[in-house]
> 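Mind having a look at this structure? Questions to follow.
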Amino acid sequence: MPWLHWLHLQLLLVAVLADPELLTDKWSGCGEVTSDDAPLFFSPCATSEWEVLLTDTMATQKKQRNTTALLRLPQSDNLQGCSPHPSSHFENRIALIERGSCYFSWKVVLAEEAGALAVIIFDTVDPQSTAVLAIAGPFQNPRIAAYLISKAKGQDLAARLELGGDIEVVCSWNPVEVWYGLPNTSSEFNDTLTLENYGDEDMRWVLDVIDHNRTFERDPFYTAQVLSAFDAESFYSFEVLDLTSFNGSVQLDDDAELLRLPFVFPHYLHFYEESYVSCNGALIFDPVLDEFTRQAAVLGSGKGPHAVLAAMWGDLLCPVGSKISARKAEDVIAVRFEGLRQKSDVNLANLTFEVRLHSDGRVLLLLEDFPANASALSQIQVGLQPATGARALSVDNLPWSTGPPLAVSFTPWLMLENLTKYSVPPNESVTLGLVFERQDDLYGWLFFYAERSIGSWHPRRSVRFTQRVFRYFWILGAWDGGMHSGVCKTGFVRRRNRTCAGSDGDVYDDSFCIGSCMDQDPVVYWDYPERRVWKDGYNNECEDYRVLDLCREDGYGSKWQSWWGTFSDWVTAGLDASAACCLCGGGTTTPALPQVEENCPSVTCPANSDGFNVLE
């Protein structure tokens, strides 16, 4: 599948006797440096939306991604950090600032101007609810990392500083990078993440994914696709699994049998080793079924069973002669439902369908036999529902009237490969392969949690993942010499350097860049001694707009707020981002090689002037 990209992720879960601690070699957050190998992590520790500016552009992708320094408070009359600090007040220090009175980003900008390496903001309310520090808009954005910690931890650190103590803190903003379209010759590669269990007891781990700190008004994790034709390996070529209740000897209603799965199946990144096979046309991963949860319910209603895979879920019967069976192949489980009927009208045609679970989390439904009547199937549900019961994905308006066969595929945008265990024994590690589907949102968060065997969950470690999309583009130098504004006499020639570059920072042959998009310059000819690039009034460049998701090639990004106005309200030298920036749908196409040598443009000298250059 060309839209998938492989990333191997090795997990290192660290446990220490009675109090396991989860460590990762790439993470976002801060902790106090101690004599032990691992820092004392601050948890919760919210990160910032502008963190991408520190790593995800060409200008920053090679820069340092962590810092260790002593903590320092602002002056006593500016504890919330909303007024300028004395020059160099935070030089080579990490600032500790109280929340309140101004935007997070403005606090950080002011601390950065006073020399801070990073900023830790502590909350003023309990409990802490802010998950990510938001940007204030296309205004001046910080270029250092910032974090929000709890009120209690912040007050403790501040009290220790006020008593004259030194507190050394480490902060990290190092993401897992995934590249798309990367040439084989590139020096870049997909990152790994290392975790290992150094403890003396088994420890489970769980992974959650947050995309841009959204509220998930719609299902964020799976993409559903309806197929009118499909080519699948025959069910009967697979190895038989033990499923004995549904042999068709008696009629069954609301019955379910527990099926042991031959591999751990990740359903919404929760890991299941078994599933109930329901006579109502579903697989139910909910570990407890009773007389109520055995019945079909509405997806997303919060009623009935949770963690459901609704193949053709409804109030169904397994009549005499029907059959449900299960088989397995390598990395695939297939459950086949044959001859089921709707209880509301047993005279309707039989329902025959298959569910195929892939070990990476993909699901394929093969709907082989059903009445070609949409109204007759109005109570049948097709979709997925996580263990929370919320954020269900229901596939509505299926083309039932076209008749069988139909197929529906469910593809998670983050898939787990080669998952053999989610409980890590002492002194062992687990290696996951991850597959990412290309997303418009370029970054998100992987939240890892560790669980002791007694069942208590430990605070999360936040790992940002970022999707880097490779592209070719020209880098053009400034025109040489002092004739950059034109000359008063003819015959002069000006020159500049031309380089074909990739977004990985490598240099490529010129042929790769022909036909690529070039950002437009804000001012023609006025580029000496260095070439000007487009920036808005607050120094946000084209790449900044894209990685912050303020723009996309087809218009506004998900982070652009309507109260900021339109791009045309943020114009520099007659250009806004949508006109100047290739990544925002603007720029110019270069069908041929940009000129590196040309006659200087002619400029008429003012009356009564001398010299060859207008600036002179």
Side-chain angles (χ1 to χ4, degrees), residues 1-10 26 51-62 65 174-193 207 209-212 214 220-223 225 269 360-362 409 411-418 432-446 463-475 500-509 511-519 541-555 557-559 581-585 587 589:
M1 289 172 281
W3 44 266
L4 296 179
H5 202 81
W6 294 91
L7 167 67
H8 292 284
L9 184 74
Q10 182 178 336
K26 295 180 180 66
E51 187 175 292
V52 293
L53 295 176
L54 312 182
T55 59
D56 291 12
T57 69
M58 277 197 62
T60 59
Q61 65 184 4
K62 303 295 185 183
R65 299 181 174 191
N174 194 9
V176 172
E177 290 185 319
V178 185
W179 285 88
Y180 293 86
L182 196 66
N184 293 332
T185 57
S186 174
S187 61
E188 284 290 342
F189 50 87
N190 289 333
D191 280 336
T192 60
L193 183 70
L207 169 63
V209 179
I210 301 296
D211 178 24
H212 260 214
R214 293 193 173 185
F221 196 69
Y222 283 90
T223 299
Q225 184 177 10
L269 291 182
D360 58 14
R362 288 177 295 134
S409 66
T411 304
W413 61 263
L414 170 59
M415 290 179 282
L416 304 177
E417 289 285 333
N418 304 320
L432 294 181
L434 296 189
V435 180
F436 286 86
E437 183 183 356
R438 174 77 175 86
Q439 295 289 300
D440 289 331
D441 294 335
L442 294 181
Y443 73 93
W445 300 92
L446 307 176
V463 180
R464 178 168 55 90
F465 68 88
T466 184
Q467 302 177 95
R468 303 293 301 275
V469 182
F470 181 85
R471 64 189 183 100
Y472 297 104
F473 54 91
W474 294 110
I475 297 178
C500 175
S503 49
D504 57 354
D506 291 351
V507 176
Y508 292 86
D509 185 83
S511 60
F512 289 102
C513 286
I514 294 176
S516 64
C517 183
M518 277 180 49
D519 294 337
E541 299 183 7
C542 290
E543 274 198 294
D544 300 340
Y545 266 66
R546 183 62 190 99
V547 299
L548 290 171
D549 204 18
L550 300 180
C551 77
R552 298 178 182 176
E553 291 187 12
D554 59 355
S558 66
K559 289 299 178 181
C581 304
C582 295
L583 295 171
C584 300
T589 303

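What you are looking at is a predicted structure, and each value in this text was computed from that prediction instead of being measured.
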> Measuring from Arg471:CZ to Met58:CE, what's the distance to the nearest 0.5 Å?
8.5 Å

> Hey, what do you get for CZ (Arg468) to CG (Asp504), rounding to the nearest 0.5 Å?
9.0 Å

> Arg464: which residues meet the salt bridge (charged side-chain N to carboxylate O under 4.0 Å, His left out) condition with it, sequence neighbours left out?
Glu51, Asp56

> Determine whether the interatomic SG-SG distance for Cys551 and Cys581 falls below 2.5 angstrom.
no

> Should the pair Glu177-Arg65 be classified as a salt bridge under the 4.0 Å nitrogen-to-oxygen rule?
yes

> Would you call Glu543 and Leu583 a side-chain contact if the rule is heavy atoms closer than 4.5 Å?
yes

> Give me the atom names and distance for the closest heavy-atom approach of Ala501 to Ile475.
CB-CD1, 3.6 Å

> Are Tyr508 and Phe470 close enough that their ring centers fall under 6.0 Å?
yes

> Closest approach of Cys584 and Tyr545, non-hydrogen atoms and distance?
SG-CB, 3.9 Å

> Are Val52 and Leu548 close enough that some pair of their side-chain heavy atoms sits under 4.5 Å apart?
yes

> How long is the gap from OG on Ser503 to OH on Tyr180, to the nearest 0.5 Å?
13.5 Å

> Check the pair Arg362, Asp360 against salt bridge (Lys or Arg N to Asp or Glu O under 4.0 Å), reporting the backbone distance first and the verdict last.
CA-CA 6 Å; Arg362 288 177 295 134; Asp360 58 14; 2.9 Å; yes

> Considering only heavy atoms from C-beta outward, does the side chain of Trp474 approach that of Ile514 to under 4.5 Å?
yes

> So how far is it from Thr60 OG1 to Lys62 NZ, rounded to the nearest 0.5 Å?
11.0 Å

> Within the structure provided, determine whether Met518 and Cys513 are in side-chain contact (heavy-atom separation under 4.5 Å).
no

> Nearest 0.5 Å, what's the CG-CZ distance between Asp191 and Phe465?
13.5 Å

